[in-house]
Amino acid sequence: MSLTVSTPSPRIRIADASLHVGETVSIPGWLYNLRKSGKIVFPILRDGSGMMQCVGVKAELPEETFETIKHLTQESSVVITGVIRAEERAVGGYEMDIHSIDVLQRVPEEQPYPITPKDHGIEFLMDNRHLWLRSRRQHAILRVRHEVVRAVRDFFDNDGFTLVDCPIFTPASCEGTTTLFEVDYFEDEKVYLTQSGQLYNEATAMAFGKTYCFGPTFRAEKSKTRRHLTEFWMVEPEMAYATIEDVKQLAERFVCYVVGRVLEQRREELKVLERDTAKLEACLPPFPRMSYDDAVTFLQANGSDIQWGSDFGGTDETILTQSQDRPMLVDRFPTAIKAFYMQPDPSRPEVALGVDVLAPEGYGEIIGGGERIHDLNLLMERLHEHQLPQEPFDWYIDLRRYGSVPHGGFGMGIERCVAWICGLEHVRETIAFPRMLYRTKP
RNA sequence: UCCUCAGUAGCUCAAUGGUAGAGCAUUCGGCUGUUAACCGAAGGGUUGUAGGUUCGAGUCCUACCUGAGGAGCCA
């Protein structure tokens with residue numbers, strides 16, 4: 001069966017098939033599907049870069065080779081050698097006439113590959129997440145995610161930001177204290193998994209001017225919705241000498257760049273996902289801007305029972321964004337519901353200079369950020385009001401002692417952004433191995 | 001933590017309180033251009049668990065377990 005060993009041909013990836021028309025090449029991959037029709041077989045090979053329909057004709061192959069192909073099982077690992085040919089009837093436009101096949105591992109029929117070409121339920125698919133990643137749709141989503149991550153890095157790298165990553169073990173909370181994962185450190189010490197790199201970003205921004213961090217973030221929220229993971233990836237830029245207006249402009253440019261890159265580089269994947277790209281093409285500046293005050297008025301006029309002073313619910317975000325064709329910016333939230341470090345509006349201290357970006361089509365908040373307090377006394381006051389201990393924040397307070405300046409930034413959740421761009425029902429498909437309230441396997 | 005819904009073949013789902021069934025997957029057979037191929041046949045079940053009502057329970061009742069969706073909170 002191992003003809004390729006004695007007659008080695010150049011190995012190619014399916015994505016490069018168009019460069020090898022007429023050549024004899026080998027493609028290492030896995031059997032995606034197999035269609036049989038008497039004396040002709042059509043194994044569909046996948047190699048991670050694409051799909052290739054191969055053709056095996058009984059009359060043109062040794063009987064043993066033909067029988068081997070005919071009885072191949074789904075997801076068996078094989079190296080197929082043959083000649084590439086342009087073929088309109090094949091998906092992808094190219095086809096391979098099989099000369100020989102080398103089977104590395106044949107999936108046994110008594111334990112066949114569980115994910116068949118028909119429908120499956122979400123529980124079954126999540127239990128088989130390690131295999132589900134091989135399917136076309138999951139492949140497309142994770143390629144879009146990769147493009148988003150690349151675009152995020154390129155955007156900040158090309159805009160004068162320095163990447164300075166923040167610690168994952170942290171001694172204290174940035175956001176609320178009830179949503180921290182506690183970890184046993186040495187000598188009875190407790191540390192927590194980071195909820196945000198933002199406090200550290202403020203230190204690095206004072207050192208480099210403009211910085212960003214990008215890494216995993218953890219929230220022990222008992223949230224069981226399509227928008228929540230307990231472990232997610234967040235990119236957080238921070239700028240010295242910046243106001244809320246600078247933050248808003250940065251967020252707007254950033255979101256447009258990321259969406260533009262996916263449209264430019266990942267058309268095929270969006271097509272697999274049946275994403276209406278017109279909705280993404282509408283993502284151009286300027287984004288509509290609304291104050292929290294006006295948002296509350298708008299919501300009340302459109303059926304929400306929200307009262308001034310409380311945060312938006314999931315349905316509130318949907319009501320706000322459903323009439324928009326692009327993301328919207330909402331700013332100046334009640335100071336009382338925002339984190340202690342948020343800068344109050346000097347002319348209206350009851351509202352804070354925070355801004356959220358809400359994605360359209362009901363996807364909700366993808367960015368949260370704003371201007372931070374830079375006045376030492378005000379920061380001390382706010383720490384006290386939030387009943388936070390001073391000692392763990394000593395270093396943070398120091399930043400207001402040594403050349404304090406107005407500064408701000410934001411955080412964007414990668415999974416929510418990818419879910420929106422891909423048009424997915426749930427964020428769980430946007431990360432290879434999602435961690436959720438009741439799921440930590442596989 | 002609370003609310004709602006669902007657990008039946010490996011998977012997706014049917015079955016008025018009255019003999020547990022189909023499609024896909026698997027195996028065997030047929031077919032030289034298939035596109036989640038198609039046609040024929042076979043094997044495959046402690047109906048989530050424990051109780052209860054009933055002549056009789058997959059179906060009704062109670063508790064529990066598991067999962068999904070949502071609320072609150074959030075990116």
Side-chain angles (χ1 to χ4, degrees), chain A residues 32-44 51 53-61 66 70-71 73-75 87-92 95 97 107-128 131-132 135-137 174-179 195-198 216-236 251 310-318 337-339 356-359 363-369 410-420 425-428 430-431 436-439:
Chain A
Y32 190 74
N33 198 2
L34 178 67
R35 287 187 282 266
K36 287 178 276 192
S37 182
K39 298 185 178 65
I40 187 166
V41 286
F42 299 98
I44 315 293
M51 302 275 187
Q53 172 161 290
C54 305
V55 186
V57 176
K58 184 170 180 154
E60 296 167 12
L61 286 170
F66 188 78
K70 204 172 140 187
H71 291 102
T73 43
Q74 196 187 357
E75 285 301 318
E87 172 57 70
E88 277 184 12
R89 286 173 290 188
V91 177
E95 203 170 67
D97 289 319
V107 175
E109 44 271 288
E110 56 273 16
Q111 258 192 311
Y113 185 70
I115 301 178
T116 65
K118 290 278 182 179
D119 292 338
H120 299 284
I122 191 63
E123 184 186 2
F124 177 78
L125 289 169
M126 289 304 297
D127 285 343
N128 287 285
L131 304 175
W132 191 21
S135 68
R136 190 169 240 165
R137 178 183 158 82
C174 304
E175 308 286 330
T177 45
T178 54
T179 59
Q195 293 171 303
S196 163
Q198 189 230 305
T217 302
F218 307 87
R219 302 270 168 98
E221 290 158 5
K222 295 211 166 174
S223 298
K224 229 173 89 59
T225 80
R226 64 189 66 195
R227 302 184 307 280
H228 286 86
L229 299 170
T230 53
E231 176 184 314
F232 63 97
W233 283 63
M234 188 154 67
V235 57
E236 296 173 276
S310 55
D311 220 331
F312 300 141
T315 48
D316 291 328
E317 291 181 346
T318 305
I337 56 168
K338 286 291 174 183
D356 283 357
V357 178
L358 306 181
Y363 279 92
E365 185 183 352
I366 53 169
I367 283 179
F410 62 78
M412 184 185 80
I414 293 295
E415 289 76 13
R416 282 191 185 175
C417 179
V418 174
W420 162 52
E425 275 297 303
H426 200 297
V427 291
R428 65 186 157 217
T430 64
I431 185 165
M436 294 176 292
L437 182 51
Y438 297 121
R439 186 175 287 278

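In the text below, chain A, chain B and the rest are named by the order of the sequence lines, each starting its count at 1. Quick note: numbers below take in every heavy atom, side chains included, and nothing from hydrogens, waters or symmetry partners. These numbers were taken from a predicted model, which means no experiment stands behind them.
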Among [options], the one nearest [X] by side-chain distance:
{"X": "A:Q53", "options": "B:A68, B:G33, B:A71", "answer": "B:G33"}
{"X": "A:H426", "options": "B:G69, B:A68, B:G33", "answer": "B:G69"}
{"X": "A:F42", "options": "B:C74, B:U34, B:A68", "answer": "B:U34"}
{"X": "A:F232", "options": "B:A75, B:A68, B:C74", "answer": "B:A75"}
{"X": "A:V55", "options": "B:A75, B:G33, B:G67", "answer": "B:G33"}
{"X": "A:M234", "options": "B:A75, B:U32, B:U34", "answer": "B:A75"}
{"X": "A:F124", "options": "B:U32, B:C11, B:U34", "answer": "B:C11"}

What contact category does [X] fall into here, base, sugar-phosphate, or nothing, at under 4.0 angstrom with non-hydrogen atoms?
{"X": "A:E95", "result": "base"}
{"X": "A:K224", "result": "base"}
{"X": "A:D356", "result": "nothing"}
{"X": "A:R428", "result": "sugar-phosphate"}
{"X": "A:L229", "result": "base"}

Without swapping roles, check the side chain of A:R227 against the backbone of A:H426 for a donor-acceptor pair under 3.5 Å.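 No, the answer is negative, given that no donor and acceptor are paired below the 3.5 Å cut-off.
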Side chain A:T73, main chain A:V107, donor-acceptor under 3.5 Å: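 Yes.
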Hey, are [Y] and [X] close enough side-chain-wise for a donor-acceptor pair under 3.5 Å?
{"X": "A:S196", "Y": "A:E236", "result": "yes"}
{"X": "A:T116", "Y": "A:H120", "result": "yes"}
{"X": "A:Q53", "Y": "A:R35", "result": "yes"}

Between [N] and [M], how far is it from one [atom1] atom to the other, in whole Å?
{"N": "B:A9", "M": "B:U46", "atom1": "C1'", "result": "13 Å"}
{"N": "B:G44", "M": "B:G7", "atom1": "P", "result": "25 Å"}
{"N": "B:G10", "M": "B:G18", "atom1": "P", "result": "25 Å"}
{"N": "B:G21", "M": "B:U16", "atom1": "P", "result": "14 Å"}
{"N": "B:A20", "M": "B:G56", "atom1": "C1'", "result": "15 Å"}

Listed by chain and number, what are the salt bridge (Lys or Arg N to Asp or Glu O under 4.0 Å) partners of A:E365, not counting sequence neighbours?
->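 By the salt bridge (Lys or Arg N to Asp or Glu O under 4.0 Å) rule, A:E365 matches no residue at all.
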| said: Applying salt bridge (Lys or Arg N to Asp or Glu O under 4.0 Å), can you list everything that pairs with A:E110, at least two apart in sequence or on another chain? | reply: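 Partners of A:E110 by the salt bridge (Lys or Arg N to Asp or Glu O under 4.0 Å) criterion come out as none, since no residue qualifies.
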* Is A:R416 close to A:H228 at the side-chain level, that is, under 4.5 Å between some pair of heavy atoms? ->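 Yes, at least one pair of side-chain atoms sits under 4.5 Å.
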Can you find an N or O donor on one side and an acceptor on the other, under 3.5 Å apart, linking the side chain of [X] with the base of [N]?
{"X": "A:S223", "N": "B:G72", "result": "yes"}
{"X": "A:R416", "N": "B:C74", "result": "yes"}
{"X": "A:H120", "N": "B:C11", "result": "no"}

**Request:** Starting at atom CG of A:D97, determine the distance to atom C1' of B:G33, rounded to an integer number of angstrom.
**Result:**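 After rounding, the gap between these two atoms is 12 Å.
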Reading RNA chain B from 5' onward, which residue's closest nucleotide shows up sooner: A:K39 or A:E415?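 Result: A:K39.
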Protein-proximity profile, nucleotides 21-30 of chain B, B/S/- by nucleotide at the 4.0 Å heavy-atom cutoff, equals ---SSSS---
